[in-house]
*Asks:* 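The structure follows.
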Number of protein chains: 2
Amino acid sequence: MKKVTINSVASHAGVSKKTVSRVLNNEPNVSASTREKVLNTFKELNYSPSPIARGLAQNRSFIIGCIYDNPSKSYITRVQTGALAACQENNYNLLIHPCELRGEALIENIQQLFQTSRPDGIVLTPPFSDFAEVVEFLKSKNIPYARVASATLKDDSITVRSNDEQGAFEITQHLIELGHKQIAFIKGHPDHSATAQRFKGYLRALAQNNIEFKDELVEEGNFSYHSGVDSARSILDLSPRPTAVFASNDYMAAAVLKLASQRKLNVPDDISIAGFDNAPIARHIWPGLTTIAQPVEEMTKQAVTQLISHISQPQEEPYQLTLEAELITRESTAKIN
Amino acid sequence: MKKVTINSVASHAGVSKKTVSRVLNNEPNVSASTREKVLNTFKELNYSPSPIARGLAQNRSFIIGCIYDNPSKSYITRVQTGALAACQENNYNLLIHPCELRGEALIENIQQLFQTSRPDGIVLTPPFSDFAEVVEFLKSKNIPYARVASATLKDDSITVRSNDEQGAFEITQHLIELGHKQIAFIKGHPDHSATAQRFKGYLRALAQNNIEFKDELVEEGNFSYHSGVDSARSILDLSPRPTAVFASNDYMAAAVLKLASQRKLNVPDDISIAGFDNAPIARHIWPGLTTIAQPVEEMTKQAVTQLISHISQPQEEPYQLTLEAELITRESTAKIN
DNA sequence: TTTAATTATGACACCGGTGTCATAATGTTT
DNA sequence: AAACATTATGACACCGGTGTCATAATTAAA
């Protein structure tokens, strides 16, 4: 299979390469007959343009960088799926960039990513979507970016989030409706804005039902399974023991469940447990976790789609979208007895 | 920040751009003093070459495509981690390509991947590493590729695998040493060569211990959690019930555990359960799963590293490497009582 | 010291597209 | 039919590097 370039197409169709280029880019001022002739040659020669040459000429890379640092593999995969979908629709490539750095080193790392790979835009996912330093850096370098699942940091950039506060409210409400009043809460990682949002939802549900908030029922986690184990220990040691635990994500909820099982507690009869995110583990364990499902793929896809369209023609209006989350009830929560 | 090109560097250093190019590529025939002068200019101007321009000139993309289709998100993430590590060390970009297609459509899809993104090489991960059609296609198109975790398909390509057979042998041996004789086995997806290998290891351990193989103890799974549930049902319905279950991966093992819990069976007292892969879920559930840990990141990193070095200078000897797996014992397996 | 071999360097075309601008072809207005 | 506006097309430079080859500078051999 020898290479088919724009020159082969041009000479085969009997036109100049500039005209071929016009057809390629759907530019105006090409006669219908010429356009068709060229289009046919595309098929005949099985031509597809070189993104590299295009990139060089237009000073673009057709690459979107996706920066993330998340302990949940399923979350990462979902982010990737959404981002990939948007990229494929627009003939972009996705460059994944897991990154555990913070502060100075983080900025340097992102800078290096730019020097070496030159993405046309960046999708920031939690917790980076909330890092002012990162956003400032991108803005100062004039690099297009979009933010996924950020609740704080109101700026004029593309932002797609889901309603974490409402989700947390609903799940707490669900527990309250089952008769629970002593509902422990495990916070997520303080860097993530979702952490504050979910806590707010928890508080709102308590307030709305006139349930007193008790500080000792709240534990600081960080979204990792391990942190969940520690928090679970403190909670299960409380006396009286809470009748329900709402963990800010499913991994921590699974940790609570594991510890409860180790202590021969029956879930949900002795204690109800709820999580957040609807990670695979939520249905892989017994009992299955009541949790909140967010449209992660959709959020990311929207964000990337907007980002790409912003790259080709910068928009006036910042694109901001909030999608709703959905309560999923499984076996881990039940009426208090 | 205005752009720094090879021309800026050349004029600033007072040499031709070709000489700058020589320094960039560590070519010989540059005097020490000139080299140093250019190197200093690099730093001074904070220059980094454009991979796109380089790519156009050398007809390369500096992209490695990674094709996968695996129900385990953690496996995918580990593959990505290893591949990324190798890419970053060699200034390549990684293009992830999840792909659920098979047969004709699969080949077309890969072909399209080539037309649009033009990767310099491809890493095949299970089950694609074992698909003769894919390998044949790549070979016919003269596209460099490496295969991860393939046990069958002996060809002369770069292949890095882990010893699935030995791992399965060890875990079965472990169960036997605990006194188990009725050991059920859940197979993986038939497309994956690991499936046959793990089964072979199971058989070898039985044979070596003079334990009769019973066909009814073997169930066909496909590595998904869901298939594990089905297989678990059949196994737990057997009478007499096997005293141990060895599932070909952790998700299916988790399914067995879930079903056993639902049936109020105590694991490991009533029944021992073992998995394979050491997925996160293996330690996130209670009791933790005895399983086999494979060096997935390392395998992939090795494969990609070899692939990249093969791209720049094709090797005579095919690179073939087998890494060892490791038995991890947790609470899900115990002495028969 | 000359000559030959080797090393260092730069001019220039080229990779495969796109942008700019001049010009040719066509359509419209008077 | 002449003058003008519009649409269609191509020539050519350019994007930022690398490959080829000629030549200049240096070193080794005669």
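Letters A, B, ... are given to chains in the order of the sequence lines, protein chains preceding strands, and every chain is numbered from 1.
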*Asks:* Produce a footprint string for nucleotides 16-21 of chain C: one letter per nucleotide, 5' end first; B if the base is under 4.0 Å from any protein heavy atom, S if only the sugar-phosphate is, - if neither.
*Replies:* BBBBB-

*Asks:* With a 4.0 Å cutoff (strictly under), does any side-chain N or O of A/N29 reach OP1 or OP2 of D/dT7?
*Replies:*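 Result: no.
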
*Asks:* Using five base pairs at each end, measure the axis-to-axis angle across the helix from C/dT1-D/dA30 to C/dT30-D/dA1 and round it to 10 degrees.
*Replies:*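 The value is 40°.
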
*Asks:* Kindly write out the residues that satisfy ring-ring contact (aromatic ring centres under 6.0 Å, His included) with A/Y319, not counting sequence neighbours, or none if the list is empty.
*Replies:*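 Applying ring-ring contact (aromatic ring centres under 6.0 Å, His included) to A/Y319 gives none.
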
*Asks:* Tabulate below the donor-acceptor pairs under 3.5 Å that side-chain atoms of residues 36-44 of chain A make, not counting sequence neighbours, or state none.
*Replies:*
| residue | atom | partner | partner atom | Å |
| --- | --- | --- | --- | --- |
| A/N40 | ND2 | A/E36 | O | 3.4 |
| A/T41 | OG1 | A/K37 | O | 2.8 |

*Asks:* For the pair A/D191 (side chain) and A/P127 (backbone), establish whether a donor and an acceptor sit closer than 3.5 Å, ignoring hydrogens and angles.
*Replies:*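 No: the side chain of A/D191 does not pair with the backbone of A/P127.
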
*Asks:* Cut-off 3.5 Å, no hydrogens considered: what does the side-chain donor-acceptor table look like for residues 83-90 of chain A, sequence neighbours left out?
*Replies:*
| residue | atom | partner | partner atom | Å |
| --- | --- | --- | --- | --- |
| A/E89 | OE2 | A/K301 | NZ | 3.1 |
| A/N90 | ND2 | A/A86 | O | 2.7 |

*Asks:* Quick one: ring-ring contact (aromatic ring centres under 6.0 Å, His included) partners of B/Y92, sequence neighbours excluded?
*Replies:*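 Per chain and number, B/Y92 pairs via ring-ring contact (aromatic ring centres under 6.0 Å, His included) with B/F62.
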
*Asks:* The criterion is salt bridge (charged side-chain N to carboxylate O under 4.0 Å, His left out); which residues satisfy it with A/D69, sequence neighbours excluded?
*Replies:*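 With sequence neighbours excluded, A/D69 shows a salt bridge (charged side-chain N to carboxylate O under 4.0 Å, His left out) to A/R102, given in chain and number order.
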
*Asks:* Looking at B/S16, I'd like to know whether one of its side-chain N or O atoms comes within less than 4.0 Å of OP1 or OP2 on C/dT9.
*Replies:*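 No, because none of the side-chain N or O atoms of B/S16 sits under 4.0 Å from OP1 or OP2 of C/dT9.
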
*Asks:* Enumerate donor-acceptor pairs with a distance under 3.5 Å from any side-chain N or O in residues 18-26 of chain A to protein atoms, sequence neighbours excluded.
*Replies:*
| residue | atom | partner | partner atom | Å |
| --- | --- | --- | --- | --- |
| A/T19 | OG1 | A/S16 | OG | 3.2 |
| A/N25 | OD1 | A/R54 | NH1 | 2.9 |
| A/N25 | ND2 | A/S21 | O | 2.8 |

*Asks:* Which residues satisfy the salt bridge (charged side-chain N to carboxylate O under 4.0 Å, His left out) test with B/R35, sequence neighbours excluded?
*Replies:*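 Testing B/R35 for salt bridge (charged side-chain N to carboxylate O under 4.0 Å, His left out), a comparison that skips the adjacent residues, returns none.
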
*Asks:* Who pairs with A/I76 by side-chain contact (heavy atoms from CB on, under 4.5 Å), at least two apart in sequence or on another chain?
*Replies:*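 Result, side-chain contact (heavy atoms from CB on, under 4.5 Å) vs A/I76: A/Y68, A/N70, A/Q80.
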
*Asks:* State which residues pass side-chain contact (heavy atoms from CB on, under 4.5 Å) with B/T81; sequence neighbours excluded, sorted by chain then number.
*Replies:*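 In terms of side-chain contact (heavy atoms from CB on, under 4.5 Å), with neighbours along the sequence ignored, B/T81 is linked to B/T77, B/E297.
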
*Asks:* Of all of residues 31-44 of chain A, which get a heavy atom below 4.0 angstrom from DNA chain C, listed by number?
*Replies:*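 Residues of residues 31-44 of chain A that come under 4.0 Å of DNA chain C do not exist, since none gets that close.
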
